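Written below as structure tokens is the structure these notes are about.
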Amino acid sequence: MTLLLQVSDPHFGTERAPVVAALEALVREQRPDVMLLSGDITQRATRAQFAAARSCVDRLALPALVAIPGNHDIPLFNLAARLLWPYARYAHAFGKELEPHFENPEVLVLALNTTRRWRHVDGELSAAQIERVARRCEQAPAAQWRIVVVHQPLAVSRPQDVHNLLHGRDAALRRWSAAGVDLVLGGHIHLPFVLPLHEQWAGLPRRLWAVQAGTAVSARVRAEAGNSVNLIRIDAGTSTAGPNGAATARPLQVERWDHVPTTQRFECVSVHRLPQRHEA
């Protein structure tokens, strides 16, 4: 089995200490194989905030980390730093690789940097990024789940969040669906949900799911959604043959875990079991 932990928008600098402690307890209990840290790691990209975030990640001591910056992780008020070295503090804490990946026989995870130094909030996918992901997923074994991690969302669940959508999303959805991407993970809007994109966009050739995470540990929660993280669980065992001998990826489920103030624990509140994928 492979267990992925999606932590998004912790906004260190606004973190709640009891929630951080609850996250550490969840990791000790569930023992994920990899953390997917999908941006807005800090509130204002200060050295102290990055140091606090790095310290938390180190305490979690997970075997692997896939991290990307969010729009809050590049300087806002220091325009010279924003234009000339926007990722310097991020790189000092989390490394110079802004688009890392993770791969094992069960899953391929490709992360993309969707921030732009000339944009304050909005994110963007370039044609080169879209094509690079598509080509890599086209080469992936049929038994692998293919997951893309971004910061700003490719889909939203409410009309008032439309302005947060990624620029370049339409081209990405169609190209990635054809190339075999299964899930696109995002954050940014602090609202957790799972959406079947193939039911919302006519003509997508394959099933494609949007998986959004809430804010993991920050006080900057929405009224309708508190602190939460996602666990993505890929079943143990070997892949099997589907109809007509097609390869079948192992079962996958997305679990939403919310922080419950009365217990000071993260507890599983919903499970989305994705249909098995068959490929010739």
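No experiment lies behind these values; they were computed from the predicted model shown.
With no hydrogens or angles considered, no side-chain donor-acceptor pair links Y90 and T42 at under 3.5 Å. H190 and R222 form no side-chain donor-acceptor contact under 3.5 Å, judged by distance and modelled atom types alone. Inspection of the D9 and H188 side chains reveals no N or O donor paired with an N or O acceptor under 3.5 Å. Neither side chain, E267 nor H259, offers a donor N or O lying under 3.5 Å from an acceptor on the other. Q43 and T14 share no side-chain donor-acceptor pair at under 3.5 Å. Counted by atom type alone, Q144 and E103 present one or more donor-acceptor pairs between their side chains at under 3.5 Å.
By the side chain to side chain contact (heavy atoms under 4.5 Å, CB included) test, Q253 pairs with R233, E255, V271, R273, sequence neighbours left out. Partners of R44 according to the salt bridge (charged side-chain N to carboxylate O under 4.0 Å, His left out) rule, which considers only residues two or more places apart in sequence or in another chain, do not exist here. Under the side chain to side chain contact (heavy atoms under 4.5 Å, CB included) criterion, A48 pairs with T46, sequence neighbours left out. R135 meets the salt bridge (charged side-chain N to carboxylate O under 4.0 Å, His left out) test with E131; sequence neighbours excluded. For R119, the salt bridge (charged side-chain N to carboxylate O under 4.0 Å, His left out) partners at least two apart in sequence or on another chain are E124. With sequence neighbours excluded, the residues forming a salt bridge (charged side-chain N to carboxylate O under 4.0 Å, His left out) with R265 are E29, listed by chain and number.
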For this session: List the steps and the verdict of side chain to side chain donor-acceptor pair (under 3.5 Å) for T2 and N104.
Result: CA-CA 9 Å; T2 298; N104 70 13; 2.9 Å; yes
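H151 pairs with exactly one of T115, D73, D40, T114 by the side-chain hydrogen bond (donor to acceptor under 3.5 Å, both in side chains) rule, that one being D40. When the options N230, V148, I232, V66 are evaluated for a side-chain contact (heavy atoms from CB on, under 4.5 Å) with L185, the one that passes is I232.
In this structure, D33 and L5 have side chains that are not in contact, with every pair of non-hydrogen atoms separated by 4.5 Å or more.
In summary, D58 and R54 engage in a salt bridge, as defined by a charged side-chain N under 4.0 Å from a carboxylate O.
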